[in-house]
Structures are given as structure tokens and as C-alpha cells.
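Read the numbers this way: they start at 1 and go in the same order the structure lists the ligands and their atoms.
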Amino acid sequence: MERFNVVVIGAGPGGYIAAIRCAQLGLKTAVVDQWLDSEGQYRLGGTCLNVGCIPSKALLDSSEKFDELKRHFGDHGIDCENPRINVSRMMNSKQQVVNSLTGGIAMLFLKHKIAWLKGSGRLLDNKTVEIVGRDPAVAPQTVTADYIIIATGSHPRASPLVAIDNDIILDSTGALALTETPRRLLVIGGGVVGLELGSVWQRLGSEVIVLVRGAQFLNKADHQISKAAFDIFTLQGLDIRLNATPTAIQIHDRLATVTVKIAETEQQFEVDKVLVAVGREPNTQGLNAAQIGVAFDAQGFIIVDEACQTSVSGIYAIGDVVRGPMLAHKASEEGVAVAERLAGQKSHVNYEVIPWVIYTSPEIAWVGPGSQELNNQGRAISVGVFPFKGNGRALAMGKGQGMVKLISDAKTDALIAAHILGPFASELIAEAVVTMEYGGSAEDLARTVHAHPTLSEAMHEAALATARRALHI
Ligand code: FAD
Ligand code: NAI
């Protein structure tokens, strides 16, 4: 039986990063993963690289190019008559990006001498993992480890109304693999997947209806930003229905009829495809974790302490399978922290400063609480808002929509949150994240020289605005 210092179960951004860091620190490491691609080949990278972050961003980028060509190139004097989208070439391009990155992880494993064990991992005890490959004729392999890291990720939550067939009723994986643009697409759930994948198909020509269960659009974001985003997305053509709960779905003649209770009335929508995007659930089936004493919470997440240690000594868990935001960068940071702890170092993850990004157009990014939450807590805050229409670079790009909103503590001026709706919000948010990580203030940002003309000047101006001294509003 082969013996390792660390065996990681799951090769998503939590598991593969944990393995690389373990190997860097001199620990003999193996990673077990069961992911099979559409051609039946084992693939590293988990949800994020295969059917999550990367393919969705590839399609968002392709569809944004098409949308720009159709709606905005004319403003720059570039005329293009009757542009068409070739969905199958777009999908090929997406797949090349995925293949390149997942293949890249295999190369990194070779470089770091990490063993890649192909198949499903099952815990036999706190030191032994059994790996069952897809070929029933091959006997399961058993390996031992000083430590085990569970990084098995998550899967889409099912709808109680209808089963996913990835033909007419799609989950996120199905919506990333359509072979043609649906005429009408109804999205159940106005969260991150719903908005990103709804935007992809709306830009490519679908009529897209997004059902939001509650009265507040994008409840997790700052409400000033959510409201502005709602108005922009509605103008773009997304049909967002608030207080909308689907009550029945029927399939007939390759169409779906969805009955929806909107406020107090009932309405029916006949659509070609339905995307169910109502959240994700942790992957623990078949892991045998509960049987060996690993404790779970009521939602099925593995319970861990601050150090990602489970209730069983020597077994750690990270990423989507444990509490906290289901984000790739959160999973990776936990992976690094656990690896360093196993190697005897002190390491931590700052859960207060984890950025969120929604890759719509304009993008939405934030770190820290929304002002509604801070007001509810009765916290004294200073708010600085700067609109992108006052930023030269944004206007030159034809992207003057949205704003930067920075929030600092009214007494100490420490930066406590940043909320951005605008071009490259995903990149701009990093400046606020670094400032907050180092305990910086709004004035620190205001006194930092920002290059001109750049989008980052909007961050600078919003920092100045917290002290009522913005220069361009
Ligand atoms: P995963 O990436 O889910 O990987 C888990 C791995 O474990 C898988 O490879 C699986 O095969 C393997 N596994 C499970 N059980 C077993 C077992 N018993 N034996 C062996 N292997 C097993 N997050 C972002 O931060 N940014 C984004 O832009 C973003 N976009 C997304 C877009 C979509 C459409 C989706 C669905 C998600 C997106 N996410 C994004 C979320 C992100 O994908 C997850 O937070 C992230 O992948 C979690 O990483 P993980 O390592 O915990 O798990
Ligand atoms: P989500 O939690 O973001 O949104 C789900 C939405 O569905 C919520 O608004 C919820 O109120 C609603 N909902 C839940 N049950 C419902 C029901 N029965 N009927 C109608 N509405 C219902 O989940 P989503 O969009 O599925 O994404 C899952 C996770 O994946 C995200 O929370 C995020 O962690 C991650 N992700 C991250 C991305 C990024 O970082 N850019 C992109 C995509 C996903």
C-alpha cells in the first residue's frame, strides 16, 4: 500500500492548490479525482476549470465581443452589417481554453511530483483512502496518508419542480454547452449563475426572463449598486421579474411551460429552455465521511474549525464542501493555509476580506458589507461615490455606466467596504482588497498617486469623496 504525507480528495481550485503547496513544502502528496470530461477522459481542475469559472468567463467574453459588434462598434465609426454568431466555433474556443488550463495542472503535478490517482475517493479511516476507478475489472487501490484533505466541491441544487435533463431543463453545465441560441430562455434564480449565463445567451440573441424569488434584486450586494445594475440590465433587455416563484413546469413539443406566481398573480411563460440556477450543494455522497465520524451541519456541509480541521483528527476540509462563500479563490486560500499548517507553519485566511465578482457587463465587484447592512448595525460610516461618467478612460472606452462606492469608518477612516459597478470592476476591486488587508484608510487611497487616464482614478475619486473632496464631481 503506497504511503503519502498528504492525500487530497478533489482536484478543483481548493484541492489542486493545496496539493501544490504541500509539495512545495516537501510533503509527499497525492490527489484523487473522479472528474471525467465529455469524452470520458479524467480531467483535473474540478468545477471551476471544467464547468464553472473558466468556461463561463470564456463565453461571457465571446458573447460580449458579439454584443459590442452589434450594438457599440457603430459608435466608434466601425460598421459591420449583419454580424452572425457561430455557436459551435464559440464553444470550441471555450473548450480550448478549458483544455489548456486543465492540461496545465497535469503539468504542474508532474513538476511537483504529485501523484494523480484517477477515480472516486472513499475514506476507510482517518489515514486510509480507497480509490475506485471507472473500470470495474480493475481492483480498487488503497493508499495511506498522515493527513487527508477533503476538497470535493459542490454540484448544482436541483429544482423541486422538475428534473434536469440538460436538454430543455438545464443546470449551469448544460447552459455552458448549448449548441444553438435558444429563442426564449427562462432562468430560475437571479443569483450569480443566473445573471452571468443569462447575459451570455441574451447577448447572443435569446429573449431571457430571470425569476428572482424575493423583492430585492442581488440582495448580497450593496443595494445602491443592485438598483443601478437592475436598471442597466433591464435596459439591455434582460426581463427581470421580482417576487417571482415558479410553481409548475410542464414539457411538451420540446418546449417548457413554466407557471410563475408573481406577487399575487399567476403567469405562464412558454420557453425553449429553462436554466435552474438556485444555488449549489456540497459533494459528500460516496465519501463515507459520516461513517468514519466526520460531522456535518444541517445543510450538508462538513463542519470545520478556523483551521479547516474536521471533527476527525488528521482530516481537513476546504472549499465549497465547507462553510463560507462558494468561490474558487476562497477554496484556494484555504488550500494554501491548510498545507502550510500541515508543514508546521502558522497560516490563516482573512474571511472578512474576500472579494466577490459578477462578470456581467458592466461587472459588479465588492468586498465587505453593503451600506444597508452597516446602517442596520448602526455603524457610523463615511460613504464616497464616484460615477464612471466622470472618468475619462471609461468614457473613451464607451463604458461610462456605473460607479465606485467606498465606505470607511466615520471615526478611524479605515476602509471597510468597496462596491463597484463598472468596467473591469473585477480588476479594480483588488486595490480595495489590498488596502483593507493592510488595514489602510480611505485617505491612504486618496493620497496614493493613480495614473491618468485610468479606470483606477474612479477608485481615487471615490476615496476623496468619502471626505467630500472629490475633484471631478
Ligand atoms: P470543485 O471545483 O467543485 O472541485 C471538486 C473536485 O472534487 C471535482 O474535480 C470532483 O470531481 C472531485 N470529487 C468530488 N468528490 C470526489 C470523490 N469522492 N473522489 C474523487 N474526487 C471527487 N467562483 C469564482 O470564484 N469565480 C468565478 O468566476 C466562478 N464562476 C463560476 C461559474 C459557474 C457556472 C459555476 C458553477 C461556479 C463558479 N464559481 C466561480 C464557483 C467555483 O467554481 C467554486 O467555488 C470552486 O470550483 C470550488 O472549488 P473546490 O475545489 O472546492 O471544488
Ligand atoms: P446563488 O446563491 O448566487 O443564487 C441563487 C438564487 O436562487 C438566489 O437569489 C436564491 O434566492 C434563488 N433561489 C433559491 N431557491 C430558489 C427557488 N426554489 N426558486 C427560485 N429562486 C430560488 O447561486 P447560483 O447562482 O446557483 O450560483 C452558485 C454559486 O456559485 C454562487 O453562490 C457562487 O458562490 C458561485 N458562482 C460564482 C461566480 C462568480 O464568482 N462570478 C459565478 C457563478 C457561480
Side-chain angles (χ1 to χ4, degrees), residues 7-18 31-36 42-57 59-60 102 105 117-123 129-132 149-161 171-176 187-198 200 210-214 216-220 244-247 260-261 275-289 317-322 324-332 334-335 354-360 363-365 426:
V7 170
V8 184
I9 307 178
Y16 87 75
I17 289 291
V31 177
V32 186
D33 200 291
Q34 64 190 18
W35 195 283
L36 292 171
Y42 282 104
R43 286 271 173 199
L44 297 169
T47 303
C48 174
L49 271 69
N50 290 286
V51 295
C53 325
I54 298 302
S56 60
K57 266 78 262 180
L59 294 189
L60 278 155
T102 55
I105 299 175
L117 309 177
K118 295 168 180 165
S120 305
R122 190 166 158 265
L123 298 163
V129 178
E130 180 186 64
I131 301 115
V132 183
I149 304 175
I150 302 172
T152 47
S154 63
H155 59 271
R157 179 176 294 141
S159 158
L161 297 176
D171 59 15
S172 54
T173 303
L176 287 167
V187 183
I188 304 177
V192 199
V193 166
L195 287 177
E196 289 190 359
L197 298 185
V200 165
V210 180
L211 305 184
V212 175
R213 194 165 44 170
Q216 175 64 48
F217 177 61
L218 275 182
N219 196 24
K220 281 189 207 158
T245 310
T247 53
V260 184
K261 189 164 172 257
L275 165 58
V276 179
V278 294
R280 296 179 64 81
E281 289 173 344
N283 285 335
T284 54
Q285 218 193 354
L287 199 56
N288 206 40
I318 59 173
D320 280 11
V321 79
V322 303
M326 288 178 150
L327 295 173
H329 40 286
K330 176 264 193 184
S332 298
E334 287 182 334
I354 296 182
W356 275 87
V357 178
I358 308 180
Y359 295 80
T360 42
E363 293 178 346
I364 301 170
S426 53

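Selection from I364, L195, I188, D171 by nearest heavy atom to atom 20 (C) of ligand 2 gives I188. For atom 4 (O) of ligand 1, the nearest non-hydrogen atom from the set G10, G12, P55, S426 comes from G12. With atom 17 (C) of ligand 2 as the reference point, the heavy atom nearest to it among L327, V278, T360 is part of V278. Residue nearest to atom 6 (C) of ligand 2, selected from A277, P246, P355, P156: A277 (by heavy-atom distance). Counting only non-hydrogen atoms, the option in L176, D33, L60 that gets closest to atom 8 (C) of ligand 1 is D33. Between C53, A11, G319, G45, it is C53 that holds the heavy atom closest to atom 39 (N) of ligand 1.
Scanning for side-chain contact (heavy atoms from CB on, under 4.5 Å) contacts around L36 gives Y42, R134, with sequence neighbours left out.
Neither the backbone nor the side chain of P156 comes within contact range of ligand 1; no heavy atom lies under 4.0 Å. At a heavy-atom distance under 4.0 Å, no atom of T173 approaches ligand 1. By the criterion of a heavy-atom distance under 4.0 Å, the side chain of R280, and not its backbone, is placed next to ligand 1.
Close N/O approach between G279 and ligand 2 is found [any backbone or side-chain N/O within under 3.5 Å]. Close N/O approach between G189 and ligand 2 is not found [any backbone or side-chain N/O within under 3.5 Å]. Of the N or O atoms in G14, one or more lie within a sub-3.5 Å distance of an N or O in ligand 1. Residue G190 has no nitrogen or oxygen atom sitting less than 3.5 Å from a nitrogen or oxygen atom of ligand 2, judged on distance alone. For ligand 2, the polar-atom distance check against M326 finds a nitrogen or oxygen pair separated by under 3.5 Å. Checked against a 3.5 angstrom limit, the closest N/O atoms of S120 and ligand 1 fall outside it. Looking at V193 next to ligand 1, no N or O pair under 3.5 Å apart turns up. For a threshold of 3.5 Å applied to N or O pairs, the pair formed by G121 and ligand 1 contains at least one separation below that value. Residue-to-ligand polar distances place E196 within reach of ligand 2: an N/O pair is separated by less than 3.5 Å. Remark: ligand 1 and A328 share an N or O pair separated by less than 3.5 Å (distance only, no angle test). Geometrically, ligand 1 and T47 share a nitrogen or oxygen pair separated by less than 3.5 Å. For ligand 1, one of its N or O atoms has an N or O atom of D320 under 3.5 Å away. Note: an N/O pair closer than 3.5 Å links L327 and ligand 1 by distance alone. Between E196 and ligand 1, a contact under 3.5 Å exists for no N or O pair. Between H329 and ligand 1, at least one N/O pair is under 3.5 Å apart.
The closest side-chain heavy-atom distance from T47 to D320 is not below 4.5 Å. Side-chain contact check for S172 versus V51: every heavy-atom pair is 4.5 Å or farther apart. V129 is not listed as a side-chain neighbour of L117, based on a closest heavy-atom distance of 4.5 Å or more. Put simply, the side chain of N288 does not reach to within 4.5 Å of the side chain of E130, judged on heavy atoms. A 4.5 Å side-chain heavy-atom check between L60 and E196 finds at least one atom pair inside the cut-off. The shortest distance between side-chain heavy atoms of T245 and L211 does not fall below 4.5 Å.
For the pair G119 and ligand 1, a heavy-atom separation below 4.0 Å is found. Within the 4.0 Å heavy-atom shell around ligand 1 one does not find R122. Ligand 1 is approached by Y359 to a heavy-atom distance shorter than 4.0 Å. Under a 4.0 angstrom heavy-atom cut-off, V51 registers as being in contact with ligand 1. Taking a 4.0 Å cut-off on heavy atoms, K220 registers as neighbouring ligand 2.
The Y359 neighbourhood of ligand 2 comprises atoms 41 (N), with distances under 4.0 Å to a heavy atom of that residue. Numbered from 1 in the order shown, with element, the atoms of ligand 1 that lie under 4.0 Å from a heavy atom of L287 read 18 (N). Taking every heavy atom of C48 and a limit of under 4.0 angstrom, the matching atoms of ligand 1 come to 2 (O), 43 (O), 47 (O). Within ligand 1, the atoms closer than 4.0 Å to a non-hydrogen atom of S172 are 34 (C), 36 (C), numbered from 1 in the order shown. Those atoms of ligand 1 with a heavy atom of G46 less than 4.0 angstrom away are 2 (O), 4 (O), 8 (C), 9 (O). When each atom of ligand 2 is checked for a heavy atom of V357 under 4.0 Å away, the hits are 39 (C), 40 (O), 41 (N). Distances below 4.0 Å separate heavy atoms of R280 from the following atoms of ligand 2: 28 (C), 29 (C), 30 (O). With ligand atoms numbered from 1 in the order given, ligand 1 contributes 3 (O) to contacts under 4.0 Å with heavy atoms of S154. Atoms of ligand 1 found under 4.0 Å from any heavy atom of A151 (numbered from 1 in listed order, with element): 5 (C), 6 (C), 7 (O). Near W356, meaning under 4.0 Å from one of its heavy atoms, ligand 2 places the atoms 33 (C), 34 (O). Near V32, meaning under 4.0 Å from any of its heavy atoms, are these atoms of ligand 1: 20 (C), 21 (N). Interface of S56 with ligand 1, defined as ligand atoms under 4.0 Å from a residue heavy atom, comprises 32 (C).
Here the closest heavy-atom approach between residue N50 and residue G45 is recorded as ND2-C, 3.8 Å. Closest approach of V357 to S426, counting heavy atoms only: CG1-CB, 3.6 Å.
Within the 4.0 Å cut-off (strictly below), no protein heavy atom is located near atom 8 (C) of ligand 2.
Heavy atoms from other residues, nucleotides or ligands lying under 6.0 Å from NZ of K261 number 12 at most.
Side-chain atoms of S332 come within 3.5 Å of backbone atoms of P13 as a donor-acceptor pair (strictly under, hydrogens ignored).
Of the listed residues (V278, V193, D171, L275), just one forms a side chain to side chain contact (heavy atoms under 4.5 Å, CB included) with P156, and that residue is D171.
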